[in-house]
Amino acid sequence: MKYIVLVLIGLFSFSLMGQSENITTQLFDSYDNYKESSIGKRRIKRADIQPLIDKYSNNKKFKVKKVGTSIGGKYLSLISIGTGEINVFLWSQMHGDEPTATQAIFDILNFFDSSDFKTEKDAILANLTVHFLPMLNPDGAELFQRRNLLGIDINRDALRLQSPESQTLKRVRDSLDADFGFNLHDQSTYYNAERTEKPATISYLAPAYNYEKDINETRGNAMKIIVFMNDILQKYAPGQVGRYNDDFEPRAFGDNIQKWGTSTILIESGGYAGDIEKQEIRKLNYTSILSAIYTIAKKSYEAISIDEYEKIPENDRKLFDLKITGATYNLMGNTYTIDLGINQVEVDYPDHNSFWYSSRVLDQGDLSTYYGYETVDASGYTIKQAKAYPTTLNTFEEVKALNFKNILKQGYGYVPMSTIPLKQVNSPFPVHLIGKKYTVPELNLMPGINPTFFLEKDGKIEYAIINGFLVNLKESIINVPNGMIYR
Ligand SMILES: [Zn+2]
């Protein structure tokens with residue numbers, strides 16, 4: 001008898017998982033039909049989403065309400081759909097520079113507005129009411145910064161509630177008494193799945209609601225949904241999922257919303273090789289969040305074991321954009337073996353619509369426990385100082401006419417100019433531009449410096465590192481988005 005029951009349970013859960021897996025595949029494959037194409041890069045602002053919110057205000061399927069105002073006077077809007085008794089509440093971008101899930105929310109809204117997937121949608125909308133609060137920190141988004149205009153981290157204001165944005169989040173949560181909450185963030189691209197070179201493309205947390213990290217039904221359900229979403233991610237980004245440390249943070253919203261009785265799922269969008277604007281990660285958000293909404297509607301998550309949650313690898317922060325290993329470095333007449341960890345650091349233009357790079361050496365020494373999005377084995381190579389080009393040029397046209405590959409091969413990384421326009425903040429070339437009186441300092445590798453040097457083997461320069469970007473001089477492509485200016 002026991003055996004038969006087990007077989008039946010096995011078949012039952014197999015068919016449930018099979019069914020939802022099938023829908024997930026269809027959601028992933030048909031994504032382009034629903035992608036909101038008007039918001040396709042990370043620096044999006046409140047004004048960019050207003051036309052989309054207006055569209056849903058005029059659409060009878062949705063309810064749109066102004067639920068608050070930011071310190072800077074920007075509206076906070078709640079968009080709801082469905083008639084079910086279970087309330088699911090998703091909020092994004094409480095940190096202004098974390099926009100990936102905001103974009104995914106508008107993709108999900110497009111999905112709900114379409115006439116496709118009728119069976120699944122009917123099941124969702126009959127059982128759930130789904131509420132979206134995109135871009136909780138519009139003032140931060142305007143400046144592409146984490147904090148709001150009060151200069152505080154909204155995610156440390158869940159108790160003191162000094163910010164109107166925090167008050168709004170608490171008020172909406174309380175008024176809905178939401179059963180499930182999705183707390184949507186971006187994390188640094190330098191997180192990896194522990195002891196692997198794989199970036200933590202998505203990290204999850206079912207936040208603790210006390211220091212003891214107890215698991216009650218509320219938190220347990222959040223863990224089950226995370227296990228469900230992790231299974232989906234493993235298919236599309238194998239090994240690229242991390243689990244956040246669950247130490248209790250009494251001031252954070254996730255921890256408190258869990259405590260207030262809403263099963264809270266924290267989702268952090270991290271890095272994915274080559275996906276600078278995080279559009280692949282946006283698609284993974286869309287697919288996994290929508291699948292999670294469906295599993296909540298069907299209650300199929302209930303059969304999942306919370307033991308699986310602990311098996312998701314922990315988040316670590318051991319990635320660099322570029323890792324150089326085993327290079328030979330000459331210092332004061334002696335030679336040393338050194339690894340370098342380099343990050344390509346973004347600097348915003350004043351309008352916060354786009355950015356350039358001012359890269360840094362982050363660490364050096366034995367970095368064998370670290371990883372890189374790009375790695376160069378530099379054993380047998382010697383680090384060489386970059387020199388200034390011997391001729392001073394007068395115009396950008398003259399610089400542009402240089403054969404950059406040839407001058408890099410000759411060890412030149414800096415080009416002197418008679419005048420550099422003051423409004424120019426960086427070099428649009430794969431070399432640095434220097435004023436005619438500027439002297440290139442002697443290379444002294446140290447964390448914090450701009451990574452610019454060459455790798456030489458048997459007297460021949462084979463690689464250039466300019467502003468933290470690697471150029472393989474045996475290949476024809478030079479991928480250095482910009483150099484620096486030293487006046
Ligand atoms: Zn965040």
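Basis for what follows: all heavy atoms, side chains included, without hydrogens, waters or symmetry-related copies. Whatever order the structure lists them in is the order used to number ligands and atoms, beginning at 1.
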Review point. Should the pair Lys121 and Phe111 be classed as cation-pi, given the thresholds of under 6.0 Å to the six-membered ring centre and 45° from the axis?
Key: yes

Check your understanding: Taking just the N, O or S atoms of His185, which one is nearest to the Zn ion (ligand 1)?
Key -> ND1

Point to revise | Rounded to 10 degrees, the angle OE1 of Glu98 makes with ND1 of His95 at the Zn ion (ligand 1) | key: 110°

Review point. His131 and Asn87: side-chain donor and acceptor closer than 3.5 Å?
Key: yes

Point to revise | Asp186 backbone or side-chain N/O/S under 2.8 Å from the Zn ion (ligand 1) | key: no

Exercise for review: Assert yes or no for the condition that the ring centre distance of Phe112 to Phe62 is strictly below 6.0 Å.
Suggested key: no

Check your understanding: So among Arg146, Arg251, Arg147, which one has a side-chain hydrogen bond (donor to acceptor under 3.5 Å, both in side chains) with Asp153?
Key -> Arg146

